[in-house]
Undergrad: 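Supplied in C-alpha cells, the structure appears directly below.
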Amino acid sequence: MVEPNLLHVPILEWYESNARDLPWRAADATPWGVLVSEIMLQQTPVARVLPVWLEWMERWPTPKALAAEQPGEAVRHWGRLGYPRRALRLHACARAIAEEHGDEVPSDHATLLSLPGIGEYTAAAVASFAYGGRHAVLDTNVRRVFARAVRGEEYPPVATSAAERRLAETLLPELGAARWGVAVMELGALVCTARAPRCADCPVTHACAWRLAGKPPHEGPARKGQTYAGTDRQCRGRLLAVLRAAHGPVPKEALDAVWDDAVQRERALDGLVADGLAEALDDGTYRLPHA
DNA sequence: TAGACGTGGCA
DNA sequence: TTGCCAAGTCT
C-alpha cells in the first residue's frame, strides 16, 4: 500500500496550480449547475459539454424551469452530445426535484441515487462537489490513476470492483475529501491519460507503482471496442437528428430518407418510441416527446 | 453481468 | 484510415 500522504499532498498542490477554469467549478455555480454538468459529462469530453452547458443554464437556471418544459425540448437542446436518454432522464430529474424536493437539488447521496439518470458515480460527485460531502468519487479517471499509482497496472478492471471501492475509501481524507476527489479526477483527465500518459508532468511519478515497474502494458484480452458505423445506434442518431431539427411533427418519409435498410430503420424507430425519445402520432407522423 | 446506448476528436 | 476513448446508467 502506498502511504496516503505520498499521494495527497503532491496531487492537491498540483491541482492548485493546474485545475482548469470550468464554469461548473466556479464559486457561483449552483448545485443544479453541478448536477447538469455531471450528467452531460457522462462519457462525453469537457470540450463538447461546455457550450451546451452554458446555453442550458441560461435557458433553464433552475430545476423548475426545465420541469415546465416538454421532455422533447430537453432532447432538442441536448444537441449532439450523444446518449440522448440522458436528456430525458435529466428532465425527469428536474421534475422530481421541482415537485418532491422543493426545487432544491438533494445533498444526500441516497436521495440523489434515487433520481433518474443518477447512479453511484453521479450521486457521489454531486454530494461531493456541490455540497462538500465526503464520498469516494470513482470515475474512469480516478480508477485509472489508482490502478497505476497504487496497483501498478496500466488500466483498472472493466467493472468497478469491491477492492477499488475499498481503496478509494481508504484514501479518502477526513477533511477536504471533495477537493481531493476533483483533484484526482483532474490528474487523470490531464496527465494520467488512457493513452500516452504524461508521466514527466505527474506530481506522483516518483511514487507511481506502474511507472516504477517499468510501465508494463495491459495484460489479458483487449478491452472491447465500440463499433458504430452501420449499427442501430447510428441509425437512431440519424432519426433523432431529424426530429430535433424539425419544430413540428415529421412525416414518415422524412425519416425513411436518412437510412436505407428498412428493417433496421423500423427497429430503430420503434426503439426510440419505446425509450420515450420519440412519439408516434395517430396520423403517422413523428415528433419529440410531449408529456 | 454483459450489452445497449451517440458522437466526434485524435493518434 | 481505423480504432480507441470520453466525469456512466440501466436492464
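Each chain gets a letter, A, B and so on, in the order its sequence line appears, and its residues count up from 1. Hydrogens, waters and symmetry mates play no part in the numbers below; they use all other heavy atoms, side chains included.
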Undergrad: Considering heavy-atom distances to DNA chain C, does A:L115 or A:T193 have its closest nucleotide positioned more toward the 5' end?
TA: A:T193

Undergrad: Salt bridge or not for A:R134 and A:E174, using N-O below 4.0 Å?
TA: yes

Undergrad: Does a side-chain N or O from A:R236 land closer than 4.0 Å to OP1 or OP2 of B:dG6, or not?
TA: yes

Undergrad: What is the distance, rounded to the nearest whole Å, between atom CZ of A:R20 and atom C1' of C:dA6?
TA: 11 Å

Undergrad: Between A:R25 and A:I118, name the one whose nearest nucleotide on DNA chain C is closer to the 5' end.
TA: A:R25

Undergrad: Tell me which pairs pass side chain to side chain donor-acceptor pair (under 3.5 Å) where either residue lies in residues 237-247 of chain A, with sequence neighbours left out.
TA: none

Undergrad: Rounding to an integer number of Å, can you tell me how far A:L138 CG sits from C:dT9 C1'?
TA: 15 Å

Undergrad: How many Å lie between CG on A:L81 and P on C:dA7, as a whole number?
TA: 15 Å

Undergrad: For C:dC4 versus B:dG3, give the span between their P atoms, rounded off to a whole number of Å.
TA: 16 Å

Undergrad: Taking atom P of C:dA7 as reference, at what distance in whole Å does atom CG of A:L187 sit?
TA: 12 Å

Undergrad: Ignoring the backbone of A:D232, work out which of C:dC5, B:dG8, B:dC5 is nearest its side chain.
TA: B:dC5

Undergrad: Starting from P on C:dT9, measure out to CG on A:L88 and report it in whole angstrom.
TA: 17 Å

Undergrad: In whole Å, what is the span from the CH2 atom of A:W180 to the P atom of C:dA7?
TA: 17 Å

Undergrad: Atom CZ of A:R198 to atom C1' of B:dA11: distance rounded to whole Å?
TA: 16 Å

Undergrad: Heavy atoms only, 4.0 Å cut-off, all strands: where does A:W78 land among base, sugar-phosphate and nothing?
TA: nothing

Undergrad: List the residues meeting side-chain contact (heavy atoms from CB on, under 4.5 Å) with A:A163, not counting sequence neighbours, and say none if there are none.
TA: A:S161, A:R166

Undergrad: Base, sugar-phosphate alone, or nothing: which one does A:G119 contact when heavy atoms must sit under 4.0 Å apart?
TA: sugar-phosphate

Undergrad: Could A:K252 and A:D256 be called an ion pair, given the rule that one side-chain N must be under 4.0 Å from one carboxylate O?
TA: yes

Undergrad: Need one value for A:R144: base, sugar-phosphate or nothing, where a base atom within 4.0 Å counts as base even if backbone is also close, heavy atoms only.
TA: sugar-phosphate

Undergrad: Is A:Q234 touching bases, backbone alone, or none of the nucleic acid, heavy atoms closer than 4.0 Å?
TA: nothing

Undergrad: Would you tabulate the nitrogen or oxygen pairs shorter than 3.5 Å linking the protein to nucleotides 2-4 of chain B?
TA:
none

Undergrad: So that I can tick it off, tell me whether A:R148 and A:E153 are bridged by a salt bridge, with the cut-off set at under 4.0 angstrom between side-chain N and carboxylate O.
TA: no

Undergrad: At less than 4.0 Å, is any side-chain N or O atom of A:Y228 found next to OP1 or OP2 of B:dG6? Yes or no.
TA: no

Undergrad: May I ask you to test the A:W210-A:P216 pair for a side-chain heavy-atom distance under 4.5 Å?
TA: yes

Undergrad: Between A:R265 and A:D260, is there a salt bridge with N-O shorter than 4.0 Å?
TA: no

Undergrad: Mind checking what makes salt bridge (charged side-chain N to carboxylate O under 4.0 Å, His left out) contact with A:R287, not counting sequence neighbours?
TA: A:E279

Undergrad: Contact class for A:L22 (heavy atom, under 4.0 Å): base, sugar-phosphate, or nothing?
TA: base

Undergrad: A:L90 CG to C:dG8 C1': how many Å, rounded?
TA: 14 Å

Undergrad: Under 3.5 Å, is there an N or O donor on one side and an acceptor on the other linking the side chain of A:R195 and the base of C:dC4?
TA: yes

Undergrad: Closer than 4.0 angstrom, basic N to acidic O: yes or no for A:E169 and A:R165?
TA: no

Undergrad: With a 4.0 Å heavy-atom cut-off, tell me which residues in residues 26-49 of chain A come close to DNA chain B, sorted by residue number.
TA: A:Q43, A:T44, A:R48

Undergrad: List, one per line, each side-chain donor-acceptor pair under 3.5 Å for residues 115-130 of chain A, sequence neighbours excluded.
TA:
{"from": "A:E120", "atom 1": "OE2", "to": "A:H109", "atom 2": "NE2", "distance (Å)": "3.4"}
{"from": "A:Y121", "atom 1": "OH", "to": "A:E38", "atom 2": "OE1", "distance (Å)": "2.7"}
{"from": "A:T122", "atom 1": "OG1", "to": "A:Q42", "atom 2": "NE2", "distance (Å)": "3.0"}

Undergrad: Thinking salt bridges, do A:E16 and A:R179 make one under a 4.0 Å N-O criterion?
TA: yes

Undergrad: When the P atoms of B:dC5 and C:dA7 are compared, how many Å lie between them, rounded to an integer?
TA: 23 Å

Undergrad: Rounding to an integer number of angstrom, what distance separates C:dC10 and B:dG8 when you compare their C1' atoms?
TA: 24 Å

Undergrad: At less than 4.0 Å, is any side-chain N or O atom of A:Y155 found next to OP1 or OP2 of C:dC5? Yes or no.
TA: yes

